[in-house]
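Taking it in order: structure first as structure tokens, then the write-up.
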Amino acid sequence: MYTQAMDTMARESGAKLEKVLSPDEQRLQERFDARIDAGDFIEAKDWMPENYRKTLLRQISQHAHSEIVGMLPEGNWIGRAPTLKRKAILLAKVQDEGGHGLYLYAAAETLGQSRDEMLGALHSGKAKYSSIFNYPTLTWADIGVIGWLVDGAAIMNQVPICRCSYAPYARAMIRICREESFHQRQGYDSLLVMMQNGTPAQKAMVQDAVDRWWWPCLMMFGPPDDQSPNSAQGMRWGIKRVSNDTLRQKFVDATVQQAQVLGVTLPDPDLKWNEARGQHDFGTIDWDEFWRVVGGDGPVNRERLGARVKAWDDGAWVREAALAHARRQQTKKEAA
Ligand code: FAQ
């Protein structure tokens, strides 16, 4: 039972205040807790504690923003893809990311916040999105590495969310994960072609991209478990199924062999198999860099947010035209 948890607390000026539940609320809370304990899925129409709703809104909207901002680093290379085949694949991938953002905004809207409000929070810098998209894509190899490592990390994190206790989010994630698998494969395939058939310069370009993206990818999973303020409650509510550190470790273990097949070195001298643990040990992550990037001071945070705000402003006429059309249709319907 979680009745003493975050969902019964109200925060005011930094102080935690006990919220006294009415007998009816107490019954609803107990029923909700029992459903979570039983592994049941919660639907939008079901009663839920206010903080469960807020936590989901925070995570799902951040996730949606990540997909939409995540279109920018790769979109930057659509016009410079080396072949027609690679261009068609990249175009489809970037469109998929846009679609993922839309499913996720729709899932978040079921929790009572409008898309305009969520986008307002993104554009004002109030809402977060994944740190990984604040790094620049300098060469074509970055596009392959994003598919292999960024989508690979995203899949590792997102497969458990297919079992999230909030059903609309879980349903959206099933389709998203299927598409992410294709994204990961296309990235790996593109790197394999360069590593097997490429010139020495192309191979060096792949290694350079791996060197730059490896550590930021490990940061994608979020802070260490003992410094993750949202983890304990998220796990108890069945929003998060696997912890940040466990997912990061699984990602490292899965990636080492793929790097060997590819013929690249992962840039970590401390990365080695630990027989006793049955897992790889790896070096220390630069958490100062992570928090700097999350706080808005990464290599291209300003460009990324600037591009999103510009796209929103440039699209104003489309929204106005759609609203004018809807109003005209409504007037016609009323007159008929
Ligand atoms: N970047 O207490 P925790 C993709 C924040 S989609 C920025 O551990 P939580 C597809 C966190 O929000 C990638 N901020 O938080 C693609 C919290 O701040 P808050 C996105 C981060 O929620 C591929 C604070 O730090 N995926 O890549 C990050 O329990 C290629 C404390 O952290 C998702 O969003 C970060 N990396 O766990 C698209 C998946 N990590 O909100 C295009 C869903 C943590 O209290 C191209 N989200 N923070 O102010 C999740 O699984 C979780 O929200 C975590 C964070 C694991 C990201």
Side-chain angles (χ1 to χ4, degrees), residues 1-12 16-67 100 103-114 117-118 127-128 130 154-178 180 220-251:
M1 290 297 164
Y2 318 132
T3 42
Q4 295 308 307
M6 182 180 164
D7 49 319
T8 62
M9 308 291 252
R11 274 174 200 264
E12 238 170 54
K16 280 184 178 173
L17 301 177
E18 279 286 346
K19 184 185 169 222
V20 180
L21 298 180
S22 70
D24 275 355
E25 282 174 327
Q26 185 69 37
R27 265 194 299 279
L28 288 166
Q29 175 75 57
E30 280 167 10
R31 177 137 197 279
F32 174 85
D33 290 346
R35 290 186 66 189
I36 295 284
D37 285 343
D40 210 355
F41 287 99
I42 308 297
E43 292 289 347
K45 62 180 174 20
D46 296 341
W47 185 89
M48 61 187 81
E50 183 55 14
N51 275 321
Y52 175 80
R53 191 185 69 78
K54 280 191 185 152
T55 299
L56 281 165
L57 249 181
R58 176 186 65 80
Q59 179 167 325
I60 305 173
S61 63
Q62 284 180 5
H63 194 166
H65 298 327
S66 302
E67 300 282 357
H100 297 174
Y103 314 149
L104 290 165
Y105 283 126
E109 279 176 314
T110 65
L111 293 157
Q113 196 171 59
S114 74
E117 283 175 299
M118 289 183 256
K128 291 189 171 70
S130 182
I155 294 168
M156 193 60 86
N157 164 267
Q158 291 174 3
V159 166
I161 308 177
C162 297
R163 291 182 292 113
C164 166
S165 61
Y166 187 57
Y169 190 24
R171 281 194 287 268
M173 289 318 300
I174 291 170
R175 178 156 172 189
I176 290 175
C177 284
R178 288 202 184 120
E180 299 289 24
M220 280 177 74
F221 296 93
D225 293 349
D226 59 4
Q227 291 159 45
S228 161
N230 302 302
S231 275
Q233 186 64 72
M235 301 275 281
R236 251 177 277 143
W237 273 328
I239 294 172
K240 259 177 135 160
R241 295 287 185 187
V242 186
S243 84
N244 297 1
D245 284 332
T246 305
L247 289 170
R248 189 170 10 252
Q249 180 72 57
K250 281 176 73 152
F251 174 71

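The existence of a salt bridge linking Glu43 and Arg171 is confirmed by a sub-4.0 Å separation between a basic side-chain nitrogen and an acidic carboxylate oxygen. Taking a cutoff of 4.0 Å between a charged side-chain nitrogen and a carboxylate oxygen, Arg53 and Glu50 qualify as a salt bridge.
Across all non-hydrogen atoms, the minimal contact from Pro160 to Asn157 is CD-O, 3.4 Å.
Interatomic distance, CD1 of Ile155 versus CD of Gln158, reported as 8.0 Å (0.5 Å rounding). Taken to the nearest 0.5 Å, the CG atom of Leu57 stands 11.5 Å off from the OH atom of Tyr169. Asn244 CG to Gln249 CD: the interatomic distance, rounded to the nearest 0.5 Å, is 13.5 Å. Met118 CE to Tyr105 OH: the interatomic distance, rounded to the nearest 0.5 Å, is 7.5 Å. Taking NE2 of His65 as the reference point, atom OG of Ser130 lies at 12.5 Å (rounded to 0.5 Å). Rounding to the nearest 0.5 Å gives a distance of 5.5 Å between CD1 of Ile239 and OG1 of Thr55.
Gln29 and Glu25 share no side-chain donor-acceptor pair at under 3.5 Å. Of the N and O atoms on the side chains of Asp225 and Ser231, not one donor lies less than 3.5 Å from an acceptor on the other residue.
Taking 4.5 Å as the limit, some side-chain heavy atom of Phe221 sits within range of a side-chain heavy atom of Met156. Leu28 has its side chain out of reach of Met48: every pair of non-hydrogen atoms, C-beta onward, lies at least 4.5 Å apart.
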- prompt: How far apart are the C-alpha atoms of Glu180 and His100, what are their side-chain angles, what is the distance that settles it, and do they pass the side-chain contact (heavy atoms from CB on, under 4.5 Å) test?
  reply: CA-CA 10 Å; Glu180 299 289 24; His100 297 174; 3.6 Å; yes
message: Could you go through Lys240 and Ser228, starting from their C-alpha distance and side-chain angles, then the distance that decides it, and tell me whether this counts as side-chain contact (heavy atoms from CB on, under 4.5 Å)?
response: CA-CA 12 Å; Lys240 259 177 135 160; Ser228 161; 4.0 Å; yes
- request: Under the side-chain contact (heavy atoms from CB on, under 4.5 Å) rule, what do Phe41 and Tyr166 come out as? Steps first, then yes or no, please.
  value: CA-CA 6 Å; Phe41 287 99; Tyr166 187 57; over 6 Å; no
task: Walk me through it: do Val159 and Met173 pass the test side-chain contact (heavy atoms from CB on, under 4.5 Å)?
output: CA-CA 7 Å; Val159 166; Met173 289 318 300; over 6 Å; no
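Judged by distance alone, the side chain of Ser66 and the main-chain N or O of Gln62 form a donor-acceptor pair under 3.5 Å. The main-chain N or O of Leu56 is never found under 3.5 Å from a side-chain atom of Gln59 such that the two would form a donor-acceptor pair. A donor-acceptor pair is defined here as one N or O able to donate and one able to accept, closer than 3.5 Å; no such pair exists between the side chain of Arg241 and the backbone of Ile161. The backbone N or O of Gly222 sits less than 3.5 Å from a side-chain atom of Arg248, completing a donor-acceptor pair.
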